[in-house]
*Asks:* 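Got a structure here, written out as structure tokens. Questions coming.
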Amino acid sequence: MAIVNMKKFKLFIFDGDREKLINKFQKFNYVHIEESDFNADFSEDDFSRPRSSEDLIEIDDKIKRSKDDIDLLLKFKEKESPIKAMKEGVEDITLEELTSRAIAFPFEKIDSEIKALVDEKDKNNSKIQNIESKIGELKPWENLLSSLKDLNSTNSVNIYTGTISTSYAVEFESEFIKNDLVYIERVSKDKNFYYYLIIVEKSVENEAKTLFSKFGFTPINVKADGKVRDKIEAYEREKELLFENNKNIEEELKTYLKYLEDFKFAYEYYRNEKIKIMSERKFLKTTQLNLIEGYVPSEKLDKFEDEVKKVCGDDYYLNAEDANRNSSKVPILLKNNSFVRPFELMTEMYSMPKYNEIDPTPFFAPFYFIFAGIMVGDFGYGLLVFLATLFALKTFKLTEKKRNFIKFFNYLSISTMIFGLVFGSFFGGIIELPSLIDTAEDSTLLIILSLILGGIHIFFALGIKAYMDIRDGKPKDALYDVGFWYMAVLGAIGFILSKVLPQVEPFGRVLLVIMVLGMIGIVATGGREEKTTAGKIGWGIYSLYGISSYLGDFVSYLRLMALVLSGSFLGLAINMIAGMLFGSNIIGKIFAIVIFVVFQLFNAFLSYLSAYVHTARLTYVEMFNKFYEGGGIPFKKMIENSDYFNID
């Protein structure tokens with residue numbers, strides 16, 4: 001249960017062995033390649049990189065194209081039941097099988113055929129949009145019975161088509177109606193405009209234009225040689241032909257569903273090829289030699305060298321040494337038992353530890369288990385999630401990541417059932433169970449329990465800090481940064497309790513002395529890294545001020561009480577409503593069952609969500625800030641985590 005020890009290696013090989021060796025590395029998987037830098041020993045004049053950025057661009061293009069093809073073909077695939085899909089899971093394949101299937105697939109040919117069909121469909125869609133735009137322009141004029149071309153052939157009149165704002169339309173029409181040498185026809189209207197056909201005898205042309213200007217007449221060129229309605233119908237027929245063409249294209253694209261699995265193989269193959277290219281871009285190369293630097297787990301070093309020998313024989317030079325404990329470049333790989341491993345997702349979500357830290361997972365996992373169980377605190381909710389997650393683990397074929405995620409909630413459900421029995425809660429009290437703590441009556445006890453657990457959590461975290469200091473040969477730091485804080489905080493808590501609890505009263509003065517000594521120690525050592533006396537005292541006093549943050553830390557643990565109370569009271573309210581309805585007629589009974597099932601499930605979801613979030617907050621904020629910094633680099637294996645397969 002720790003951070004895996006690493007060996008840092010430098011490997012010199014002949015350039016001719018590079019391609020075979022990188023394939024071996026990928027199969028071996030547990031190799032983290034580090035970029036070799038140009039330095040005093042190796043200048044850019046002496047070395048180059050084996051792979052260019054063009055190689056990376058090319059492989060990225062293939063990854064994108066294969067993913068696009070997969071997403072396209074999935075749209076045509078019949079939807080299958082999520083339960084069935086999870087039960088069947090993903091296919092287990094070896095890296096060799098993946099490579100052979102991908103190489104045998106004529107990716108470029110099939111991708112080009114699909115792209116040609118997609119491009120044709122896109123062009124059709126563009127034409128359809130253009131036609132719809134033209135139809136939209138003509139729609140207001142479709143009631144014109146005459147051809148504008150025929151009307152414009154008359155030499156004695158001018159023809160105008162255009163719009164007037166709705167607010168001026170009535171007055172505009174009345175002005176033109178007065179003139180016998182003008183014909184005005186309202187063709188259509190919408191919310192904002194009236195659309196007009198106006199025929200003006202040339203002798204009154206100037207008067208008409210004056211009125212156009214006065215009322216804000218906007219001329220519109222109606223783009224139709226014949227009747228507008230005929231033009232619209234022609235456009236509609238053209239659009240239908242394009243739609244029909246697109247349907248035919250889609251039917252042809254469906255025939256490529258047979259290549260869906262091949263594209264998945266290609267996609268995963270190219271992703272893993274990208275890892276090799278990116279790794280090779282970190283090598284340094286001459287015309288004859290390659291320098292490879294990186295890390296392997298200490299326990300796998302012999303196996304690593306065996307893989308090198310299989311390719312290079314005796315023609316290599318390998319130097320491996322223990323990774324620098326204080327280096328920030330050492331990649332982090334965690335190794336935990338089956339109980340702790342699912343909780344690694346919480347560590348990864350926050351930040352991986354640095355190599356000189358400890359893996360916090362086994363230390364916070366028991367607390368997370370307990371706190372989440374308290375916050376949900378209902379045997380029924382725990383049993384429900386336990387059975388669901390157990391069914392998933394036993395029935396579904398899951399990736400390792402999904403299996404650990406489900407295991408995580410399976411463990412939390414066990415804790416929930418335990419504390420459900422402690423609180424005597426089963427779906428909000430639908431069935432009465434004997435309880436050790438009654439959440440409705442023992443709120444004071446819940447407060448005390450929350451604060452005690454919070455104190456244990458905080459002081460345990462400080463204890464880890466002390467252990468790390470002692471491990472690193474800094475026992476004085478353990479005394480200064482942990483011992484004095486233990487004295488100050490525990491002394492303060494004990495002194496306050498001595499004022500209210502008769503059992504503690506005899507120890508009050510001793511506890512006060514312990515508190516004062518701890519505070520003096522904090523002030524004396526809190527600024528020990530400062531160079532001046534004033535700086536040491538100033539930072540020491542500021543460090544002591546940090547004791548106020550402990551009050552906030554302790555208060556934060558009251559969420560344990562608050563969440564179990566909110567969940568239990570909401571469950572109780574749901575049961576009361578369902579109970580009142582169940583006592584009425586048959587319809588009331590049906591509604592009671594629906595309300596009970598739906599809202600109890602919703603309450604269970606909210607309870608687990610709250611427990612997940614708030615326990616994470618207690619871990620990250622109240623615990624981690626006492627000993628944990630994080631910021632480590634995750635170990636990058638040579639095989640990419642697959643979206644579609646379990647690759648061995």
Side-chain angles (χ1 to χ4, degrees), residues 366-392 406 408-454 457 555-618:
F367 288 101
Y368 202 108
F369 178 82
I370 294 169
F371 290 168
I374 291 174
M375 289 182 188
V376 182
D378 186 284
F379 186 85
Y381 295 166
L383 182 63
L384 192 68
V385 174
F386 177 77
L387 293 175
T389 52
L390 187 64
F391 175 79
I406 292 176
F408 174 77
F409 281 97
N410 181 259
Y411 293 155
L412 297 190
S413 70
I414 295 172
S415 176
T416 299
M417 287 191 289
I418 293 171
F419 284 98
L421 293 175
V422 171
F423 301 137
S425 178
F426 186 87
F427 287 112
I430 193 69
I431 297 176
E432 290 189 11
L433 298 175
S435 64
L436 296 175
I437 300 174
D438 187 339
T439 55
E441 301 292 336
D442 300 330
S443 56
T444 303
L445 180 58
L446 282 173
I447 291 174
I448 294 172
L449 177 64
S450 299
L451 293 176
I452 290 173
L453 288 173
H457 199 217
V555 171
S556 289
Y557 290 91
L558 293 178
R559 70 189 67 228
L560 295 173
M561 172 204 69
L563 287 171
V564 69
L565 288 179
S566 64
S568 62
F569 288 152
L570 183 55
L572 180 62
I574 294 167
N575 292 341
M576 291 176 62
I577 295 170
M580 288 187 290
L581 289 172
F582 198 80
S584 59
N585 54 30
I586 186 65
I587 296 176
K589 286 180 170 59
I590 294 172
F591 271 105
I593 294 171
V594 171
I595 287 173
F596 176 80
V597 172
V598 172
F599 285 96
Q600 286 288 4
L601 287 175
F602 182 66
N603 190 33
F605 169 76
L606 286 182
S607 297
Y608 274 101
L609 179 63
S610 299
Y612 177 79
V613 171
H614 288 283
T615 308
R617 191 233 183 245
L618 290 175

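What you see is a predicted model, and the numbers here were worked out from it, not measured in a lab.
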*Asks:* Give me the atom names and distance for the closest heavy-atom approach of Met417 to Leu383.
*Replies:*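 In this case the closest contact between Met417 and Leu383 is CG-N, 3.5 Å.
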*Asks:* Calculate, to the nearest 0.5 Å, the distance between atoms CE and CG belonging to Met561 and Leu445 respectively.
*Replies:*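 If I round to the nearest 0.5 Å, the distance is 11.5 Å.
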*Asks:* Testing the basics here: between Ile574 and Phe596, what is the closest heavy-atom pair and its distance to 0.1 Å?
*Replies:*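 Taking Ile574 first and Phe596 second, the nearest heavy atoms are CG2-CA, 4.2 Å.
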*Asks:* Can you label the angle between the His457 ring and the Phe371 ring as parallel, tilted or perpendicular, going by 30° and 60°?
*Replies:*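 Taking Phe371 first and then His457, their aromatic rings stand perpendicular (interplane angle over 60°).
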*Asks:* With a 4.5 Å limit on heavy-atom distance, are the side chains of Thr416 and Phe386 in contact?
*Replies:*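 The answer is no; the side chains never approach within 4.5 Å.
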*Asks:* Just by modelled atom types, is the Ser607 backbone N or O under 3.5 Å from a matching donor or acceptor in the Ser610 side chain?
*Replies:*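 No, because the side chain of Ser610 does not come within donor-acceptor range (under 3.5 Å) of the backbone of Ser607.
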*Asks:* Checking Ser413 side chain against Val385 main chain: does a donor-acceptor pair fall under 3.5 Å?
*Replies:*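 Such a contact is absent between Ser413 side chain and Val385 backbone.
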*Asks:* Between the main-chain N or O of Tyr612 and the side-chain N or O of Thr615, is there a donor-acceptor pair closer than 3.5 Å?
*Replies:*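 No; zero donor-acceptor contacts below 3.5 Å.
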*Asks:* At what distance, to the nearest 0.5 angstrom, does OG of Ser415 lie from CG of Asn410?
*Replies:*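 Result: 12.0 Å between the selected atoms.
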*Asks:* Is it true that a side-chain atom of Tyr381 and a backbone atom of Asn603 form a donor plus acceptor pair closer than 3.5 Å?
*Replies:*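 It does not hold such a pair.
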*Asks:* Please say which of Leu412, Ile406, Leu384 ends up in a side-chain contact (heavy atoms from CB on, under 4.5 Å) with Thr389.
*Replies:*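 The residue from Leu412, Ile406, Leu384 that satisfies side-chain contact (heavy atoms from CB on, under 4.5 Å) with Thr389 turns out to be Ile406.
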*Asks:* Counting neighbours of CZ on Phe602 that are heavy atoms of other residues, nucleotides or ligands and sit closer than 6.0 Å, is the number greater than 12?
*Replies:*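 No, CZ of Phe602 has 12 or fewer neighbouring heavy atoms, counting only those of other groups under 6.0 Å.
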*Asks:* Are any of the side-chain heavy atoms of Gln600 and Asn575 separated by less than 4.5 Å?
*Replies:*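 They are in contact (side-chain heavy atoms under 4.5 Å apart), so the answer is yes.
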*Asks:* Please name the pair of heavy atoms, one in Ala592 and one in Ala578, separated by the smallest distance, quoted to 0.1 Å.
*Replies:*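 Closest approach of Ala592 to Ala578: CB-O, 3.2 Å.
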*Asks:* Are any of the side-chain heavy atoms of Ile370 and Phe419 separated by less than 4.5 Å?
*Replies:*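 Counting from C-beta outward, Ile370 and Phe419 do come under 4.5 Å.
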*Asks:* Going by atom type alone, with no hydrogens or angles, which donor-acceptor pairs under 3.5 Å involve a side-chain atom of residues 425-441 and a protein atom two or more places apart or on another chain?
*Replies:*
from, atom 1, to, atom 2, distance (Å)
Ser425, OG, Asp378, OD2, 2.6
Asp438, OD1, Ala440, N, 3.0

*Asks:* Would you indicate whether the side-chain heavy atoms of Met375 and Leu560 approach each other to under 4.5 Å?
*Replies:*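 Touching, per the 4.5 Å side-chain cut-off.
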*Asks:* Just how far is it from atom CG of Leu565 to atom CG of Leu572, taken to the nearest 0.5 Å?
*Replies:*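 Atom-to-atom, Leu565:CG and Leu572:CG are 12.0 Å apart.
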*Asks:* Verify side chain to side chain contact (heavy atoms under 4.5 Å, CB included) between Ile374 and Phe423, making sure each step is shown before the conclusion.
*Replies:* CA-CA 9 Å; Ile374 291 174; Phe423 301 137; 4.2 Å; yes
*Asks:* How long is the straight-line distance from CD1 of Ile447 back to CD1 of Ile452, given to the nearest 0.5 Å?
*Replies:*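 Spacing of CD1 (Ile452) from CD1 (Ile447) equals 12.0 Å.
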*Asks:* Do Ile587 and Phe591 come close enough that some side-chain heavy atom pair is under 4.5 Å?
*Replies:*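 Result yes, sub-4.5 Å side-chain heavy-atom pair found.
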